[in-house]
Amino acid sequence: MSADQIIVTLLGIALSFLVGWYFWFSEKKAVKIKAADSGVQEAFIKVKGGYSPNLLVFEAGKPIKLTFYREETAACSEEVIFSDFNKKATLTPFKNVTVELNIDKPGEYNFQCEMGMLRGKLIVE
Amino acid sequence: MAKDPVCGMEVESPSEYSVKTKGAKYDFCSEKCKNDFLSNPDKYIKPINSSEATYNISSKGIEKLDIPIIGIHCSSCIPTIESEIKKLPGIIFAKVNITTEKARIEFNRKKVTAESIIGAIKKAGYKTGQSDLSLGIVDMYCASCVTKIENELKSLPGILSASVDLATEKAFIKYLPNLVNIKEIKNTIEKLGYKTIEPAGAEKLSSKKTLSEKEKTEKEPVDENKLAREKEYKTLIRKFIFAAVLSVPFLIISYPDFLGLPEAFRQGAPTLRYLWIAMSILSLPIMFWSGSQFYTGAWAAFKNRSANMHTLISTGISAAWIYSATATFFPEIFPKAELANQFFDAIAIIVALVVLGMALEIRAKGKSSEAMKKLMGLQAKTARVIRNGQESDIPIEEVVLDDIILVRPGEKIPVDGVIVEGSSLIDEAMITGEAIPVEKLKNDEVIGATINKTGSFKFKATKVGKDTALSQIIGMVEQAQSSKAPIQKIVDRVAGYFVPAVIIIAILSFVGWYDFGPQPNLIYALIVFVTVLIIACPCALGIATPVSLMVGVGKGAENGILIRNGNAMETAQKLNTVVLDKTGTITEGKPLLTDVITTEDFSENEVLSLSAGVEKASEHPLGEAIIKGAADKSLTLHEPKEFNAIPGQGVEAVVGEKKILLGNIKLMKNRSVETGDLEEKSKKLADDGKTPMFIAIDGKAAGIVAVADVVKPDSKAAIAKLKKMGLEVVMITGDNKRTAKAIARQVNIDRVFAEVLPPEKAFNVQKMQNEGKIVAMVGDGLNDAPALAQADIGFAIGAGTDVAIEASDITLIKGNLKSVPLAIELSRATMKNIRQNLFGAFFYNGLGIPVAAGLLYPFFGILLSPIIAGAAMAFSSVTVVSNSNRLRRFKPKSD
């Protein structure tokens, strides 16, 4: 085997692992939200083909205010559902829609669109 | 955090249910605790030094306040109230006038608030009229506007408190409706240059949402979303048409040899090359306009470190375009001429079909629930209130506790209360589900939104606003609807694993060809890498689910089953418990004549025709059943004379020279009619859930006519079928145990919940869900709406109320129970069909992957060609469409 073949082979195998790791096993990048002076933890989430950011870290016990801005009319993202809190909001396109939550118990709470195609997570510490 | 003084629970402060009274603020966990507290604050308050209380209220010096006090009956009560008020700091003058039923108080605003004065009056054991209002305000930009509006509002007489929230653009106002009305409050704000938004009924009632969802105050957000959805649908259809129209010539040109095109279009001809150049350019708008959502979706998913259907399609078509364009513009870099292939047709067809699938999905999604609007519409808009001896029509929001309200025949009862004068028959079906109107006399309770059928009466309001039975139901429906967990689409679940796997296969194939392939190895490796990505993306992917769903939903419609959305179709197959409402679902929902029993001296027809004759003059719905029973037997009826209704007992009249009494046992006893063994027989009828009525002719007991809400003809068979399908069947009803058991016996249901109030219906469903059951609820009435929304699948009987239909997932137009097992069978068949479709879609393309990876090359010299790619695409599409068509032949299994 020539040198370039060995390099390609190793790179290929490494790349395969990278792909597998990236899609299946990697820890997702989280955005930490700091509380404002009023004690409210406010986050802005853009909705376009997904939620960005889609992984948010909050502190337990302080009120959480999530403002969604839906930058598309694709029907998928019309509703955002917080099934742990029985909350659902209809996201009107190109308008801010606010969802307020109060989470005292640390843990991970998922939110998603109606069909589950777009997903996000709140991590409360 | 604060502690709820009633239940002791820790609640946030300020909470939604906070009350300022007697120099302190109290927070509550719920409306109930708040009301309990307000009804007797002393029970819950630990003594505090009231002089400690301070308020940030702008001073206006001495304030005068007139507060109406409800229920002052004696002059001896006056000192109690006055002394209680005077105990407060800052009170300069307090006098209660018994004739105007008002307290006049002068107080120092710095030291005491109107609310604490009201608290003191309550402490003395009296109620004051007070209303809450939340009003949207537009065009507020600064914090100073807030103070301006608040101060201006507080200067109005009758305003107890006003707080304006800049963030939510809302004003929360407590006021005395006798002194000031909503219009005046709005005028005051508007005079300052701000616009107000009419508090929608729902807005006021669902206070939980008022704080968080600003959108609701903006006009018609629902319609805006509907418009957006329609726009999206139209755009997708345009995108589909564009891609579909181009795919036809693309397809023809791609297979010149197959289709026997003239020499000029054959492989290698210059004309063909020009056409390819045209196709490579025309594919760009197909990819980036028709297919733009695939790229945005894929990018968003990639950022989220996940892959979905969009990822698969965007990588597939991008790879195909790069490959095809290279083959068009630089065919010389391909080691063999036949490898310089074009996949433009695949690009066009994939995009067209998947976009079509997305458009179909929007259609299948159906409208978002309108249940709230329909529920609100049930409420009366105005109430005819008698205040100070004067009748006036006021908006229902301004009705306060203990108002006396007049209701005429045919009108809706505005709020909950107790009858103080008069009597009537009231149709309560929408709240209680009871099919037969109920006779209500003095001191009986009436429920808001029910319909007054016959008489006029006055009643005292005991529950208003958020506390009425209807509002409670609205809150529950809202709660239940928002708690339904959605289901991830199968396609995306599959794609999440499939896409990364395909990418890994492509990389490894690249490595394999680079290491072991023929020369030029780099070119071969690249070709293989790209073709694996191309073949992996199945054409039929996007339509596998929606086409089956459309056929399934259409098949349902043919059988009178309207399925609201794909989720309902997917969930219905998993059901294992069916809860059936009794009235209107298992039974007809309206009374019918069932029995005519006679004493020896009278014939059946005689008794029936005379009873029916009497009832001709009555408006009683039970009477209608008797008249219909007589008409069915073609009996001739005489006109009644000297008709007289005896409330709570029955009716009397002269029919055909005979004096007839028709009513309950009480009537017979009052008129000293000897009933003999008829009483025993009537008890037996009552045990069977029937309503017996005695008839006496010329003072002599003649027999019994019985009416009942009878079981629908198909109910028994449908329930048997559900049981056969392995489902547990449960009956739930607000009706009494005796009637419920009688009906359950007739249709073979073992588990019965009787005397269940509307809120408990939903609770019972939830309880079963907590047992791990997947529960369907079948019902027709407004009282079933919370349970329908709570259930995993709510089936509304089509003849039922709009609200029930809106709260449900599936509507049964035919109105009989047989549709329930049919709908479940249909759901099972459809979901099976969708799974087959997805298998078909991925299967042929999956077979193509090893070919594209070059596994056949060492043996047959075959690499992926457009023919194989085209065949895989065609097979997967044909499989999906023809398999979905198989569903059209769906027939319910015979019993």
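Below, read A as the first sequence line, B as the second, and so on, with proteins coming before strands; counting in each chain starts at 1. All values below were derived from every heavy atom in this structure, side-chain atoms included, with hydrogens, water molecules and symmetry-related copies excluded. From a predicted model like this one, the values you see are computed outputs, not experimental measurements.
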>> Let's test your reading of the structure: which of Asp515(B), Thr296(B), Val511(B) forms the most heavy-atom pairs below 4.5 Å with chain A?
In response: Asp515(B)

>> Nearest 0.5 Å, please: how far is CD in Gln293(B) from CD in Glu72(A)?
In response: 10.0 Å

> Between atom OG of Ser2(A) and atom OH of Tyr514(B), what is the distance when rounded to the nearest 0.5 Å?
Replying inline: 6.5 Å

> Out of Ile6(A), Val19(A), Val8(A), which one racks up the most heavy-atom pairs below 4.5 Å with chain B?
Replying inline: Val8(A)

> Between atom CD1 of Ile13(A) and atom CD1 of Ile504(B), what is the distance when rounded to the nearest 0.5 Å?
Replying inline: 12.0 Å

> Looking only at atom types and distance, does a side-chain atom of Tyr497(B) sit under 3.5 Å from a main-chain N or O of Trp24(A), one as donor and one as acceptor?
Replying inline: no

> For the atom pair CZ (Phe516(B)) and OG1 (Thr9(A)), what is the distance rounded to the nearest 0.5 Å?
Replying inline: 7.0 Å

> Where on Phe17(A) is there a heavy atom nearer than 4.5 Å to chain B: the side chain, the backbone, both, or neither?
Replying inline: neither

> chain A: which of Ala307(B), Pro500(B), Gly512(B), Ala300(B) shares the most heavy-atom pairs with it under 4.5 Å?
Replying inline: Pro500(B)

> What pair of heavy atoms forms the shortest contact from Phe23(A) to Phe302(B), and how long is it?
Replying inline: CZ-CD1, 4.1 Å

